[in-house]
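Down below is the structure, laid out as C-alpha cells.
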Amino acid sequence: MSYDDNNIFAKILRGEIPCDKIYEDKYVLSFYDVNPQKKIHALIIPKGKYVDLDDFNENASKEEIYGLMKGISLVSNRLNISSKNGKGYRAISNISENGGQEVLHLHFHLIGGEKVGKMVEK
Ligand code: AMP
C-alpha cells in the first residue's frame, strides 16, 4: 500500500493538527493517544513516511530504525513505565487489515501504568 499524505499522523507531523507531545527528536515524535486504553497510552511514530512496520524495515535507513527503537525506550523511561524505572509496559504495532491498523503511518503503542492484561482476543 502506498503512503497517504492525508493520514492523521502526517497532519500531526506537519503541525496541522495538535498533539499532546511527550518527546521529539530528528527521527521520532511521541504523543499521548487520544483514546487511552490504559492509564498510560503513548504513541511513537517515525518522522519518515512509512505505512507500517514491514514498509519501515524494508525501506528505512539504519539511522531511522535505530532512532525509532531507541525512541521507544527513551519514551518509556520518560513516562516511568520501563522495566528499569517502572513496572513495564506493552509495545504494540498493528499492521494492516488483520492487525487492525487504523492509521496508515507506522506507530507503536506504549501501554502501561497498570497491568495491561491478555495479549490478544481469541
Ligand atoms: P491503530 O489502530 O494501531 O492504527 O491505532 C491508531 C491509534 O491512533 C488509536 O489508538 C487512536 O486512538 C489514535 N489516534 C487517532 N487520532 C489521534 C490523534 N489525533 N491524536 C492521538 N491519537 C490519535
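In listed order, ligands and their atoms are each counted from 1. From a predicted model like this one, the values you see are computed outputs, not experimental measurements.
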Identify all N/O pairs between ligand 1 and the protein with a separation under 3.5 Å and present them as a table of atom names and distances.
| residue | atom | partner | partner atom | Å |
| --- | --- | --- | --- | --- |
| ligand 1 | 2 (O) | G100 | O | 3.2 |
| ligand 1 | 2 (O) | E102 | N | 3.3 |
| ligand 1 | 3 (O) | N94 | ND2 | 2.8 |
| ligand 1 | 3 (O) | H107 | NE2 | 2.8 |
| ligand 1 | 3 (O) | H109 | NE2 | 2.8 |
| ligand 1 | 4 (O) | E102 | N | 2.6 |
| ligand 1 | 4 (O) | V103 | N | 2.9 |
| ligand 1 | 4 (O) | H107 | NE2 | 3.0 |
| ligand 1 | 5 (O) | H107 | NE2 | 3.2 |
| ligand 1 | 5 (O) | H109 | NE2 | 3.3 |
| ligand 1 | 10 (O) | D33 | OD1 | 3.3 |
| ligand 1 | 10 (O) | D33 | OD2 | 2.5 |
| ligand 1 | 12 (O) | D33 | OD1 | 2.5 |
| ligand 1 | 22 (N) | V34 | N | 3.2 |

What donor-acceptor contacts under 3.5 angstrom involve side-chain atoms of residues 10-20, with partners at least two apart or in another chain?
| residue | atom | partner | partner atom | Å |
| --- | --- | --- | --- | --- |
| R14 | NE | E16 | OE2 | 2.7 |
| R14 | NH1 | D5 | O | 2.9 |
| R14 | NH2 | D5 | O | 3.0 |
| R14 | NH2 | E16 | OE1 | 3.3 |

Query raised in the report: Can you list every pair that meets salt bridge (Lys or Arg N to Asp or Glu O under 4.0 Å) and has a residue in residues 22-38, with sequence neighbours left out?
Result: K21-E24, E24-K47
Query - E64 CD to Y50 OH distance, which is reported to the nearest 0.5 Å - result: 3.5 Å
Report task. Write out all pairs satisfying salt bridge (Lys or Arg N to Asp or Glu O under 4.0 Å) with one or both partners inside residues 93-115, taking only residues at least two apart or from two chains. Result -> none
**Report entry** Nearest-0.5 Å distance that lies between atom CZ in F56 and atom CD1 in I95
**Finding:** 12.0 Å
Query raised in the report: Can any side-chain N or O of H107 pair as donor or acceptor with the backbone N or O of H105 at less than 3.5 Å?
Result: yes
